[in-house]
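Have a look at the structure below, then the notes.
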4 protein chains.
Amino acid sequence: MSDSRRPHTGRRRNEAARRAILDVAVDLLGRDDGAPVTIDSLAAAAGVGKQTIYRWWPSKGAVLLEAMAERAGTDIPVPDTGTLRGDLEAFLAATFRGAGQRLTASVLRNSMAEAQRDPHAREHMRAFVESRRRVLTGLLERARDRGEIAAGADLALMVDQVYGVLWYRVLVGHGPLGDAQAAELARALSDQAAARLGDAAG
Amino acid sequence: MSDSRRPHTGRRRNEAARRAILDVAVDLLGRDDGAPVTIDSLAAAAGVGKQTIYRWWPSKGAVLLEAMAERAGTDIPVPDTGTLRGDLEAFLAATFRGAGQRLTASVLRNSMAEAQRDPHAREHMRAFVESRRRVLTGLLERARDRGEIAAGADLALMVDQVYGVLWYRVLVGHGPLGDAQAAELARALSDQAAARLGDAAG
Amino acid sequence: MSDSRRPHTGRRRNEAARRAILDVAVDLLGRDDGAPVTIDSLAAAAGVGKQTIYRWWPSKGAVLLEAMAERAGTDIPVPDTGTLRGDLEAFLAATFRGAGQRLTASVLRNSMAEAQRDPHAREHMRAFVESRRRVLTGLLERARDRGEIAAGADLALMVDQVYGVLWYRVLVGHGPLGDAQAAELARALSDQAAARLGDAAG
Amino acid sequence: MSDSRRPHTGRRRNEAARRAILDVAVDLLGRDDGAPVTIDSLAAAAGVGKQTIYRWWPSKGAVLLEAMAERAGTDIPVPDTGTLRGDLEAFLAATFRGAGQRLTASVLRNSMAEAQRDPHAREHMRAFVESRRRVLTGLLERARDRGEIAAGADLALMVDQVYGVLWYRVLVGHGPLGDAQAAELARALSDQAAARLGDAAG
DNA sequence: CGGTAACCGAGACGGTACGTCGGGTCTTTCG
DNA sequence: CGAAAGACCCGACGTACCGTCTCGGTTACCG
């Protein structure tokens with residue numbers, strides 16, 4: 001993998017090695033051949049000793065999740081179309097399109113599986129999920145401030161519906177995940193919000 | 001595990017062995033100590049030779065998922081309150097209550113993790129999920145026939161909104177899964193359905 | 001402990017694997033390229049899983065020593081020339097010639113090194129050494145019975161003088177180990193025995 | 001190990017560090033817990049960087065053997081009792097007593113093991129052994145000059161019998177190594193010498 | 001007297017081998 | 001002839017050391 005020699009950095013952590021490990025991790029996670037990413041192959045492909053991985057990460061799951069967070073966390077821009085439905089549709093489309101990619105989906109599936117076994121990975125997963133949720137929650141709060149969502153609405157549950165559908169489809173693979181689904185779900189959620197507003201009004 | 005001696009049955013398949021294997025599988029899946037259920041421990045605990053497992057199941061994942069399906073698949077009665085919201089609330093409450101139990105949740109988490117690695121398990125998971133979805137889909141279709149849901153509504157997506165939230169919370173564990181969530185989600189979905197009806201009417 | 005005769009079910013030890021392991025061990029020990037015989041290479045060369053080695057031997061040293069004992073223990077015939085000096089010369093010549101071979105010497109050196117670290121190997125070495133000593137002790141006892149060695153002579157020390165010289169030269173390599181040395185040492189020891197006889201007589 | 005701070009010596013070799021390394025090496029070699037003295041533990045215990053060891057010694061074995069030579073090489077005084085047997089008995093008693101000490105024996109065993117693997121150590125061992133042999137050879141030559149040993153006698157083989165017995169017992173541990181053995185062996189060797197003298201005379 | 005060369009403690013690095021664990025197959029013996 | 005027992009091959013696991021490297025610092029020598 002790393003043909004060109006990576007220089008030692010003495011007694012300080014070698015940033016180049018860290019990068020190589022994470023890059024290779026994303027690469028391997030992306031393969032959906034079912035091969036479950038071994039530490040040996042990871043180390044070999046990164047041109048790194050296994051100890052260098054274990055020195056900095058407590059477990060395989062931790063590496064994979066950090067790698068995943070880097071990849072999947074590639075910022076989804078927060079749109080501002082002026083309406084809840086427009087914002088949702090744009091955000092969901094970008095999000096679903098990302099997660100729908102074969103490679104990213106594979107990363108997500110492997111990571112979630114790892115998180116079920118490894119407590120470290122679990123914690124990383126929790127943090128990753130939280131960071132993603134925060135973005136969407138912000139979008140919804142803005143809409144609420146604009147008066148498009150009732151004050152008492154359960155924003156968390158709305159967020160869960162989005163990411164729930166996303167993970168569910170990624171993990172089980174029973175249905176597609178693309179622009180059409182994003183649009184449909186955006187409409188459903190804005191309908192939910194509108195209905196509650198009407199309640200409050202009436 | 002099997003204190004009393006299970007008799008050999010000679011040349012015919014030993015149903016008792018099959019039962020013991022599935023029972024032990026559920027038991028081990030239920031432990032959420034993170035220990036990942038090995039075939040050896042499964043065979044030992046069931047008082048069964050490993051070959052007896054492999055004779056009847058193609059892989060570890062297949063056993064575990066079949067075990068899970070037995071447990072988690074305990075039939076949720078399909079309610080009939082006369083209204084979509086009532087039906088949903090009853091169904092979701094029962095479903096969430098089941099999945100929210102520590103043991104069942106543990107089984108689900110382990111099974112989903114297994115399904116990400118093992119193709120056999122993946123297929124089983126797909127089938128299990130499909131069977132569960134069919135029930136809820138039936139409930140929604142009935143409501144559509146009653147005129148509570150628009151003809152063009154994406155029922156599959158509504159089903160996903162339910163099971164997506166369920167799996168998402170089970171797997172990540174960032175929020176509770178109980179009657180309150182069931183009620184809130186039932187209300188949201190029926191609102192969403194009603195909104196589409198209004199569109200169609202106008 | 002409490003178990004009486006259990007008839008043993010299940011697959012039996014694979015004798016071919018055992019032989020392959022020991023043969024390969026001798027082969028690898030024999031290389032005096034300094035490469036220290038790893039379990040991995042041993043298993044690979046024998047076409048055997050590592051576990052199969054660890055199932056039957058407690059440590060690497062134990063395998064190597066058993067292999068060595070088989071090789072070096074190839075029976076040295078006990079000569080019967082009628083005189084102590086003749087017997088000694090024949091026995092020592094055969095023994096030294098064996099140990100002097102490059103391959104056997106290499107096996108001996110590696111084994112002794114292993115025995116210094118590994119308690120299991122140490123015990124095996126003790127047993128091997130003891131079995132070799134017994135043969136020579138028997139030869140000396142016969143000579144004592146014939147009256148060629150004084151009753152009070154320290155036979156154990158005489159045996160040590162033989163094997164001491166042998167191991168010393170094998171391990172340090174400061175001098176040859178062949179027929180000439182055998183003859184010289186045989187003469188020295190029979191002289192030494194004769195001297196004690198004279199003492200007793202005088 | 002080194003509680004008090006060792007002062008830097010700038011660009012000149014730090015003698016204190018060298019001493020600390022050798023002292024710790026002897027200390028660790030002396031443990032007969034079978035733990036095989038690693039460079040890391042050696043460096044840590046000496047409060048020294050690993051590079052400081054590799055700067056001055058070509059390999060682990062070299063350090064250990066130099067340490068051993070220092071300890072075991074503590075000069076055995078060459079006695080002068082006037083007779084071969086007396087000289088031998090005194091010299092052997094002192095030598096055996098030294099090597100018989102648990103700590104020294106442990107050092108010797110570990111060093112010899114190291115010498116079988118490491119070429120540097122092997123060479124050091126050869127040199128050490130040679131220096132020890134020279135002393136005993138000198139003692140024998142003096143006796144030959146006095147006419148107590150025949151001119152044609154194989155002094156080297158006599159020396160080998162002494163050190164052979166010593167190493168053999170140290171390495172295998174099948175018998176004690178003390179004054180009694182020293183006396184018995186001294187008598188045996190002087191008997192050998194006397195016998196050859198008689199031959200020459202007759 | 002200000003570089004600079006060689007030493008030092010520290011510790012990360014790429015590797016190799018370790019001994020263990022688990023997966024899935026194969027073989028033996030019993031009922 | 002199915003089922004238990006369990007040995008087999010394979011390969012990943014996480015750890016221990018190896019010998020190399022770079023760092024930041026100290027001290028002695030040299031210009």
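Below, read A as the first sequence line, B as the second, and so on, with proteins coming before strands; counting in each chain starts at 1.
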Can you name the residues that form a side chain to side chain donor-acceptor pair (under 3.5 Å) with [X], not counting sequence neighbours?
{"X": "A:T9", "value": "none"}
{"X": "A:R19", "value": "A:D23, A:E70"}
{"X": "B:T52", "value": "none"}

How close or far is atom [atom2] of [N] from atom [atom1] of [X], stated in whole angstroms?
{"X": "C:W57", "N": "E:dC18", "atom1": "CH2", "atom2": "C1'", "result": "18 Å"}
{"X": "D:L42", "N": "E:dA10", "atom1": "CG", "atom2": "P", "result": "14 Å"}
{"X": "B:H120", "N": "E:dG23", "atom1": "NE2", "atom2": "P", "result": "15 Å"}
{"X": "D:N14", "N": "E:dG9", "atom1": "CG", "atom2": "P", "result": "6 Å"}
{"X": "C:R117", "N": "E:dC18", "atom1": "CZ", "atom2": "P", "result": "13 Å"}
{"X": "B:I21", "N": "F:dA4", "atom1": "CD1", "atom2": "C1'", "result": "12 Å"}

Respond yes when some side-chain nitrogen or oxygen of [X] is under 4.0 Å from OP1 or OP2 of [N], and no when none is.
{"X": "C:T52", "N": "F:dC9", "value": "yes"}
{"X": "D:R13", "N": "E:dA6", "value": "no"}
{"X": "D:R6", "N": "E:dG9", "value": "yes"}
{"X": "A:R12", "N": "F:dG24", "value": "yes"}
{"X": "C:R55", "N": "F:dC8", "value": "yes"}

- Task: Between A:E15 and D:V48, name the one whose nearest nucleotide on DNA chain E is closer to the 5' end.
- Result: D:V48

- Message: Assuming nearest nucleotide by heavy-atom distance, tell me which of C:A17 and A:T9 is located more 5' along DNA chain F.
- Response: C:A17

- C:D27: what forms a salt bridge (charged side-chain N to carboxylate O under 4.0 Å, His left out) with it, not counting sequence neighbours? C:R31

- What residues, two or more places apart in sequence or in another chain, satisfy salt bridge (charged side-chain N to carboxylate O under 4.0 Å, His left out) together with B:K60? B:E114

- Message: Checking C:P58 now: which residues fulfil side chain to side chain contact (heavy atoms under 4.5 Å, CB included) with it, not counting sequence neighbours?
- Response: C:A62, C:H120

- Who passes side chain to side chain contact (heavy atoms under 4.5 Å, CB included) against A:E66, sequence neighbours left out? A:R18, A:L22, A:W57, A:H124

- So what does D:W56 touch, heavy atoms closer than 4.0 Å: a base, only the sugar-phosphate, or nothing? sugar-phosphate

Anything under 3.5 Å between a protein N or O and an N or O of nucleotides 2-5 of chain E, put it in a table, one pair a line.
none

- Message: Within the structure provided, determine whether A:K50 and A:D40 are in side-chain contact (heavy-atom separation under 4.5 Å).
- Response: yes

- Quick tally for nucleotides 13-19 of chain F: nucleotides whose base has a protein heavy atom under 4.0 Å get B, sugar-phosphate-only ones S, the rest -, giving BBBBSSB

- Any donor-acceptor pair under 3.5 Å from B:R117 side chain to A:P36 backbone: no

